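Since the structure is predicted, the reported quantities are computational estimates derived from the model, not experimental observations. Naming: A, B, ... by sequence-line order, numbering from 1 per chain.
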Amino acid sequence: MFKPVSSKLEVPSMEEEVLKFWKQNDIFTKTVELRKGGPEYVFYEGPPTANGKPGVHHVLARAFKDMFPRYKIMRGYHVSRRGGWDTHGLPVEIEVEKRHGFSNKRDIEAYGIAKFNEECRKSAFDYINDWEKLTDRIAFWVDLETAYVTFTNDYIESIWNILKNFYDKDLIYKGYKVVPYCTRCGTPLSDHEVALGYHEVTDPSIFIRLPLVDKPDTALLVWTTTPWTLPGNVAVAVHPEVDYITIERKTEDGGKEKLILAKGLLEKVFADEELTVLNTFKGKKLKGEKYHPLFTFIPPDKPAHYVVLADFVTTEDGTGLVHLAPAFGADDMSMSKKHDLPVLMTVQPDGAFVPEVTPWRGMWVKDADPLITKDLEARGLLFRVETYTHTYPFCWRCETPLLYYARDAWYIRTSQFKDRLVELNRTINWVPDNIKEGRFGNWLENNIHWALSRERYWGTPLPIWECTVCDHKEMVGSVNELSEKAGKDLSELDLHRPYVDEITWDCKECDEGLLKRIPDLIDVWFDSGSMPYAQWHYPFENQEKFKKQYPADYICEAVDQTRGWFYSLHAVSTLLNDSISFKNVICLGLILDSKGRKMSKRLGNVVDPWEVLDVHGADAFRWYLYTASPPGQDRRFSPELVGEVVRDFTLTLWNVYSFFVTYANLDKPKLTTVIAWSENQLDRWLLSELNVLVRDVTNAYENYDVLNATRPIATFVEKLSTWYLRRSRRRFWKSESDSDKGTAYQTLYTALITLAKLLAPTMPFLAEELYRNLVHAVDQFAPESVSLAEWPKYEESFIDEDLNRDMAVVTKLVSLGHSARQKANRKVRQPLAEAAFSVGSAVEGKAIAEFAQLIEDELNVKKVRLLDAREEAVAHEIKPLPMQLGQKYGNKFPGIRKAILGLNPEDVVHSLLAGESFKVSAEETDYDIQPDEVEVIVHAKEGFAVAEDGAYVAALVTELTPELVAEGRAREFVRRVQDLRKSADLAVSDRIELYVDASPKMKSALDVHKDYIIGETLSSVLKFMVPPANATKAEDEFDGEKLSFGFVVILI
RNA sequence: GGGCUUGUAGCUCAGAUGGUUAGAGCACUGUGCUGAUAACGCAGGGGUCACAGGUUCGAAUCCUGUCAAGCCCA
């Protein structure tokens, strides 16, 4: 006996029940324990930050993260899935800053770093409850109780160990990094802070001459909107492929001068001034050309003041020649690294010129702009002054214009490993695969050193101690090492600031200084990228565990992580172990709103996942995300689309399930969980399709092909419901033989329990519900949860491709038959004498005989057969197939096509039907056309109602005999009685006495089919008389005949 | 500015290696069928396949450019 199943499904409450079951029976833990000793399948959780509410995009990632581990446990793998939390970094700090209304770093320091960080530690988990609730509700099975947390001492110590390893290999160095910097607040701003403060401003726009050393009469014409950076100039950049020109013009004092600029900017700069273009050349010809420096306040310590080539130079504004001051521009700095140019620090951190810049020392740089311009003018180097309006970033807190400013920063020499990063990446399976060589591959190809340090408070401290006197440095790789150096036990020390900053020791190099920690933290991406090691406190503990859990078989995040977690994981493991850290990765697209815009708090278009979960449940939500579009693609989302899944898929399957349980509980058939052979063609077809499904879905899982692991299941369920079950219904409620009924039950049962397993990774709730009810009633020794069961194996012997093809032909013909009926205006209830068909090939024709009974039932015809070319009044059409003929004859095809269409089809159809070729001549050449190069289409004529599609034709004999009319009436009458039963709320099994009062013509028709009527309507008797007073009655009319009928329920 | 991705029906998506008539589901209209179904069947309306060139006998598909959107980088 199965638990009764209503056809009405309350999705959310069903899911809650399943959740309860999982929790009470600790199923998740059991799925891990059950597979102990099995092969290991390793999943890494990319740690989210729990200081904000989880959104739809988190459901997306978690749904995809969940499905492969669930699949793998059913394949016998041991899959421990450890959760993780990313807890450090600016987003956390900003939340705390907001709470206190802090506006800069001084506020934080005044408040106290210890207190501030303590609040960050808490804030990192502000929304932990929301996260846990959501994770639980969407059935993302991940172990959150033992989740790794990046702020723990153990985690930090592991990172220190990695950093020390890098440091010992000389992979960490100190350099400059140009950052957007507020001179008033004394702090660099993060990208998103910069984005907050763009304003339109008007700046000076000056053109200056840089006379060449080797051609004193010629000068480079350079443009800038930041004159204050000119004392820091060390080079000029030009684009190698852009055309440049030398022009000659008259000067104001009557002389002549030659200037070099980009050809495309000539008009913009000189308008219609009269001048001569002397020559044109590519930018690369200027490479290495030396010019006289504008200023010499700080003597460069390396070769400088020459032309370099750079791709970033544009010809939209200015002159196409860009002045480089490495201390004040990110591009400038990267060029200085590339060409080993000096970095001239002409400005102090407070935004004033350094003393060496004598004329303007101590002056706020922007204030010096006009003075610098004047100075250049006085020396004849100024070509022109204008103003320029553009957007420029300001400090969002204090409205000070930001300077791009070089700060000390620590780097990891990742680009030394560029080739290795690229090679190892080639061994990773990326889904979609374009990411491998595209987005991620390109990023690796253009690798620059990893800027590791951050001038912040809440994060992993960079464990470098520097001497206050000499330049001795020490990198600390563990707490023990720190204790030894400091000469005291620090095992209880909180490794965060400010506590770690207090640890100092004497310098042994100079015997004078004190080793103090540099104040920097590290990039939080290094935290998460170290996760394969740090989650185990490796190498201090768990060496075995680490080995077993490295590298990951599978990770999954959204595409915005290419430069984030995907990169940090890959970089750390390449530098540390010369190995990959993940073998397969699904890179998800982003979630957009229903209008295709990114969901953001600002636009107010964020969908709360609970709106969806509370209404449609988690299964449908997950299923939608899996099936809507390829994983890598951005997807538009709206809750309504999830509702469609419930209607289309969930409820369809549910009703098959409900149907099965309802009838099985009445009939109590013998069932087995093992797939069983059936003589019935429909059963055999279903089992064949089912095994094809298992095969294809399994292959898809093995290939991380999510669409093909899911969509075909929906297609199958559709076939199961609207074809198999529709055609099998009668077998369940009244079957000729018990054995046929038995195999029908068994076949449907097999399909349902197999579907439950195939759906377990993706729709875990519905799968569990089906499995729990269906399997346990039959096999009490079966595992208690679908996730503890084995993944279904497909049985090759049940797959019959011919049968599948035949059934496809049958459904096609039946569809055409219905169409023909409609055209002929013949209701399905009216039986017709005959349906004749035409198909594309002789093989397909077999299907008609094979499934004659089924087609007859479905179309309500007495006989089915093939259209016979010799006997029927049929016309033929020969259609050239471009695929075959076009490929064979190329540009001869149009001529051949025309020739074939010009033939009288009846002349060639006989040879074609006999499988022989025919000749056609086009453009004075004869061609032998093979039967498979044309399509023969049959059109039935006269006396038929016809529908056709390509080679497929259904032709119905529409002529009605009195017998057929009588049968149609009986059937119509049954239908009316059934409606009345239904509207009178009778149970399906209620028996009745049936009365009908009708005209003699109608009466005789009903009388002929009396047995049929009685059987269909569950009547004990059919009496031709006026229904008694206590009967449920109806007056009706059809075929122009009035009748009144009614019934009395028989009480047992 | 660079890299990558996307653009097909009102909506969500299919459309290997080019093949002449571009499909499905939802929604809409008509009709049929039904004692499992929130359904189902049949039919209809709805498309200059973002745009413009090119290659080809033939282009939604290949090439070039343009436009629009998204992400990452600058």
C1' atoms of B/G23 and B/A16, separation to the nearest Å: 16 Å
Please check the phosphate of B/U34 (OP1 and OP2 only) for any side-chain N or O of A/Arg829 closer than 4.0 Å. yes
Salt bridge present between A/Lys812 and A/Asp949 (N-O < 4.0 angstrom): yes
Rounded to whole angstrom, note down the P distance from B/C42 over to B/A27. 16 Å
In whole angstrom, give the distance that lies between atom NZ of A/Lys719 and atom C1' of B/A24. 14 Å
Checking B/A14, B/C71, B/G35 against the side chain of A/Val559 (C-beta onward), the nearest is B/C71
Taking atom C1' in both B/U12 and B/U6, compute the distance separating them and give it to the nearest angstrom. 15 Å
Less than 6.0 angstrom separating the ring centers of A/His616 and A/Tyr624, yes or no? no
Protein-nucleotides 38-40 of chain B N/O pairs under 3.5 Å:
unit_1	atom_1	unit_2	atom_2	d
B/A38	N6	A/Leu9	N	3.2
B/A38	N6	A/Leu9	O	3.1

Base-contact (B) and sugar-phosphate-only (S) positions in nucleotides 1-10 of chain B, heavy-atom cut-off under 4.0 Å, - elsewhere: S-BBSS----
Rounded to the nearest angstrom, tell me the gap between atom OH in A/Tyr624 and atom P in B/G25. 18 Å
Taking atom C1' in both B/A14 and B/U61, compute the distance separating them and give it to the nearest angstrom. 14 Å
Return each pair, listed once, that meets salt bridge (Lys or Arg N to Asp or Glu O under 4.0 Å) where at least one residue sits in residues 439-449 of chain A; pairs must be two or more places apart or across chains. none
What side chain to side chain donor-acceptor pair (under 3.5 Å) pairs are there with at least one residue in residues 648-661 of chain A, not counting sequence neighbours? A/Tyr657-A/Glu769, A/Tyr657-A/Asn773
Quick check, are the ring centers of A/Tyr749 and A/Phe660 under 6.0 angstrom apart? yes
The residue, A/Gln830 or A/Leu720, whose nearest nucleotide of RNA chain B is more 5′ is A/Gln830
Atom-pair distance (OH on A/Tyr663; P on B/G35), nearest Å: 10 Å
Which is true for A/Arg826 with a 4.0 Å heavy-atom rule: it touches a base, it touches only sugar-phosphate, or it touches nothing? nothing
Whole-Å distance separating the CZ atom of A/Arg711 from the C1' atom of B/G15: 12 Å
Are the ring centres of A/Tyr404 and A/Tyr181 closer than 6.0 Å? no
Does any N or O donor sit under 3.5 Å from an N or O acceptor when you compare the side chain of A/Lys879 with the base of B/U21? yes
When the distance from CD1 of A/Ile591 to C1' of B/G70 is rounded to whole Å, what number comes out? 13 Å
Within the pair A/Arg975 and B/G35, is there a side-chain N or O less than 4.0 Å away from OP1 or OP2? yes
Are A/Arg730 and A/Glu1016 ion-paired here, with the side-chain N under 4.0 Å from a carboxylate O? yes
Mind checking side chain to side chain donor-acceptor pair (under 3.5 Å) for A/Glu948 and listing every partner two or more places apart, or none if nothing turns up? A/His939
Has the side chain of A/Asp523 got a donor or acceptor atom that lies under 3.5 Å from a matching backbone atom of A/Trp525? yes
When you compare B/A68 with B/G44, how far apart are their C1' atoms, in angstrom units rounded to a whole number? 34 Å
Less than 6.0 angstrom from the centroid, inside 45 degrees of the normal: does A/Lys337 satisfy that with respect to the ring of A/Tyr411? yes
Find which nucleotide of RNA chain B each of A/Leu725 and A/Thr562 is nearest to by heavy atoms, and output the residue with the more 5' nucleotide. A/Leu725
Every protein N/O lying under 3.5 Å from an N/O of nucleotides 42-44 of chain B:
unit_1	atom_1	unit_2	atom_2	d
B/C42	OP1	A/Ser815	OG	2.7
B/C42	O2	A/Gln822	OE1	2.9
B/C42	O2	A/Gln822	NE2	3.2
B/A43	O4'	A/Gln822	NE2	3.4

Establish, with yes or no, whether the OP1 or OP2 oxygen of B/U34 is under 4.0 angstrom from a side-chain nitrogen or oxygen of A/Arg729. no
Base, sugar-phosphate, or nothing for A/Asp331, non-hydrogen atoms under 4.0 angstrom? sugar-phosphate
Of all residues at least two apart in sequence or in a different chain, which pass the ring-ring contact (aromatic ring centres under 6.0 Å, His included) check with A/Tyr626? A/Phe64
Note, A/Leu885 side chain near A/Ile929 side chain (heavy atom, < 4.5 Å): yes
A/Lys982 NZ to B/C33 P: how many Å, rounded? 14 Å
So what does A/Leu881 touch, heavy atoms closer than 4.0 Å: a base, only the sugar-phosphate, or nothing? nothing
Distance in angstrom units between A/Glu1016 CD and B/U34 C1', rounded: 12 Å
Rounded distance in Å between the P positions of B/A74 and B/C13: 31 Å
Taken in chain and number order and not counting sequence neighbours, the residues that satisfy side chain to side chain donor-acceptor pair (under 3.5 Å) with A/Arg829 are A/Glu972
Quantified in whole Å, what is the C1' atom distance between nucleotide B/G7 and nucleotide B/G47? 14 Å
For A/Phe649, which residues count as a ring-ring contact (aromatic ring centres under 6.0 Å, His included) partner, sequence neighbours excluded? A/Trp623
Rounded to whole Å, please give me the gap between CZ in A/Phe637 and P in B/C26. 20 Å
Looking only at the side chains, is there a donor atom on one of A/Asn708 and A/Asp705 sitting less than 3.5 Å from an acceptor on the other? yes
Under 3.5 Å for both pairing distances: what stems, at least three Watson-Crick or G-U pairs long, include RNA chain B? B:1-7 with B:67-73, B:10-13 with B:23-26, B:28-32 with B:40-44, B:50-54 with B:62-66
Using atom types as modelled and distance alone, determine if a side-chain donor or acceptor of A/Gln561 lies under 3.5 Å from a backbone N or O of A/Trp565. yes
Taking the same atom, C1', in B/U55 and in B/C63, what whole-Å distance lies between them? 7 Å
If only atom types and distance count, is the side chain of A/Asp332 paired as donor or acceptor with the main-chain N or O of A/Phe328 below 3.5 Å? no
Tell me the salt bridge (Lys or Arg N to Asp or Glu O under 4.0 Å) pairs involving residues 709-723 of chain A, sequence neighbours left out? A/Glu689-A/Lys719
Would you say the ring centers of A/Phe973 and A/Phe1045 fall short of 6.0 Å from each other? yes
Assign a letter to each nucleotide of nucleotides 54-67 of chain B from its 5' end: B, base within under 4.0 Å of a protein heavy atom; S, sugar-phosphate only; -, no contact. ---B----------
